[in-house]
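Structure first, commentary second.
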Amino acid sequence: RDGAVRGRLCCCGVPMQHHAYSRLGSFGGGAGAAPSPPSSPRRAWGRRPSAKGGAGAGKAAGGGGAARRAARAVLAALLRRQAVFLFAPLLYVAAMLLYMGSISLDGVPRIISRPAPGSLYRSPQLYARLRPEMDADNATDALATVWRHAYKGGVWQPCISNNTYGLPEPNGYIYVEANGGLNQQRTSICNAVAVAGFLNATLVIPNFHYHSIWRDPSKFSDIYDQDHFVQRLKNDVRVVDKVPGFIMERFSNNLSNVYNFKIKAWSPIQYYKDVVLPKLIEERLIRISPFANRLSVDAPPAVQRLRCLANFEALKFSKPITALSDTLISRMREKSVENNGKYVAVHLRFEEDMVAFSCCVFDGGDEEKKELDEARERGWRGKFTRPGRVIRPGAIRMNGKCPLTPLEVGLMLRGMGFSNKTSIYLASGRIYKAEKNMAPLLEMFPLLQTKETLASDEELAPFKNFSSRMAAIDYSVCVHSEVFVTTQGGNFPHFLLGHRRYLYGGHSKTIKPDKRRLAILFDSPRIGWKSLKRQLLNMRSHSDAKGIQMKRNALNPSRLDSICH
């Protein structure tokens, strides 16, 4: 019976030698016998099974038994003491260090690390090298050809229609506090009108927060025509100057006692219906602070219509701002008589706060670093120095995130075919190191103007210490330019792009450059003027094609709400 088991055991028809070993103990050896486990593979290494034992086995080993035993002992030591393998790399490194110490490094070639293309600010060197060819090239005038594709077919219809229905009894009053600069506040106003109309609430004229960077204490009526705002919205949203006294009595005439909603950015309109409306009906007055970007861009057509109505129809600049803006527009057209009154408006974001926030490196000097580090700490205390934050200026420039300098704007426009006789209106705040940085742009475009050069000191005096009012003047002059050039993005150009399309039937001449590509072009040490101009003309044509696509989209009724916004 034992022999039969040793011969072959199967588990589900499969031979299993280990099963045979495990079952031998239960069949053989009697009641008290223990099972015989298989011999260890390590111990059995090198042994040969022999039918004969004793002396026969010793003879089979012969004279090679000692060598085998020695080999087994060495291998066993290595297997059991694996730490030897951990020390082997250290021994190798130590040997290499000893070897390298005996060799002179004078003959070893030096590895030169070169920065990635587009990671450095080399525009001044490029301008110095290309300026003679640039000055000799004034053959074309881009104002005549900048928008080769004429506007054809269809009539662009904005998504604004007048409401002829009466307004039902309101659910209460909404008081919002808008933060940021001029255009961020404008976003807040448009969203507040949309929310108030959607919730059938009366909107209190928004209050403007005083910002530590813009430092403008202006009120709504200082920047916008408040009477026109109320009158234009009267059929869609009720607007009042202040909360009625009988409502304020419930809160001890103190707005700080009013329930304040802390709403997440880009909240959907449904959130206002589900969460804000019940509280509005209960309290009759609610406060939302802050209120910048607190409404999702993706909104139903009815809500989008109210946004457009507020932005393009109801928000009209105050009479003092409008009067000075009209004067500056007239003067720009007079100075552009050689181009039939057409001028180019450029929005340049190269103020100290913008340069500091970008974390880009320009001249790379110690003075620049010290100034911008101090500006970052003043405006965004600790934001850029918190532990773990890594700033890579080269990567920022390669990704097209650095603001264009005045010199780079000049190179770009000359390369796009604008001659030195082109009249340019520069919309900007106080340029960082203006005397140094503006010099090359004025060399390339001597007819360049700003609000400071077009207006007298007396004309600018009522606005000079108010950044939002000064920005409103820039906005107005840019709206009526033949071509608008944006260089850095932000709320200002976004509003202008939409406003210009709205005013000109969907047809707006805009140049929005590819700044990643510009970074590589301006960093090229060997590019010639003709090659640079050819590539910049292609970039201008791309803006032309994008403008045509926008016009086609505007003629599509399903896209009107997005175009209007």
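Below, each value reflects all heavy atoms present in this structure, side chains not excepted, and no hydrogens, waters or symmetry copies.
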Report task. Answer yes or no: is there an ion pair linking Glu351 with Arg430, defined by an N-O contact shorter than 4.0 Å? Result -> no
Query raised in the report: Yes or no on ring-ring contact (aromatic ring centres under 6.0 Å, His included) for Phe261 and Tyr259, after CA distance, side-chain angles and deciding distance?
Result: CA-CA 7 Å; Phe261 273 97; Tyr259 184 85; 4.9 Å; yes
Query raised in the report: Out of Lys464, Arg331, Lys451, which residue meets the salt bridge (Lys or Arg N to Asp or Glu O under 4.0 Å) rule with Glu459?
Result: Arg331
Query raised in the report: Salt bridge check: are Asp373 and Lys370 linked by an N-O gap of less than 4.0 Å?
Result: no
Report task. Could you tell me whether Phe445 and Phe418 have their ring centroids closer than 6.0 angstrom? Result -> no
Query - Parallel, tilted or perpendicular: ring planes of Phe208 versus Phe220, cut at 30 and 60 degrees - result: tilted
**Report entry** Distance flag, aromatic centroids of Tyr343 and Tyr425, threshold under 6.0 Å
**Finding:** no
Query raised in the report: Of the non-hydrogen atoms in Pro268 and Tyr272, which two are nearest, and what is the gap between them?
Result: O-CD1, 3.6 Å
Report summary line: Checking Arg287, Lys219, Glu177 against Asn207 for side chain to side chain contact (heavy atoms under 4.5 Å, CB included), the one that qualifies is Glu177
Requested in this report: Compute the ring centroids of Phe362 and Tyr432, then answer whether they are less than 6.0 Å apart.
Outcome: no
Query raised in the report: Among side-chain atoms of Gln185 and Asn179, is any donor-acceptor pair under 3.5 angstrom?
Result: no
**Report entry** Phe492 and His347 aromatic ring geometry - parallel, tilted or perpendicular at 30°/60° bounds
**Finding:** parallel
Query - Tyr224-Phe317 aromatic ring centre distance below 6.0 Å - result: yes
Query - Flag for Ser218-Asp216: side-chain donor and acceptor within less than 3.5 Å - result: yes
Query raised in the report: Do Arg389 and Ile391 have side chains that get closer than 4.5 Å, going by heavy atoms?
Result: yes
Requested in this report: Work out which heavy atom in Asn183 is nearest to a heavy atom in Phe495; give both atom names and the distance.
Outcome: O-CE1, 3.2 Å
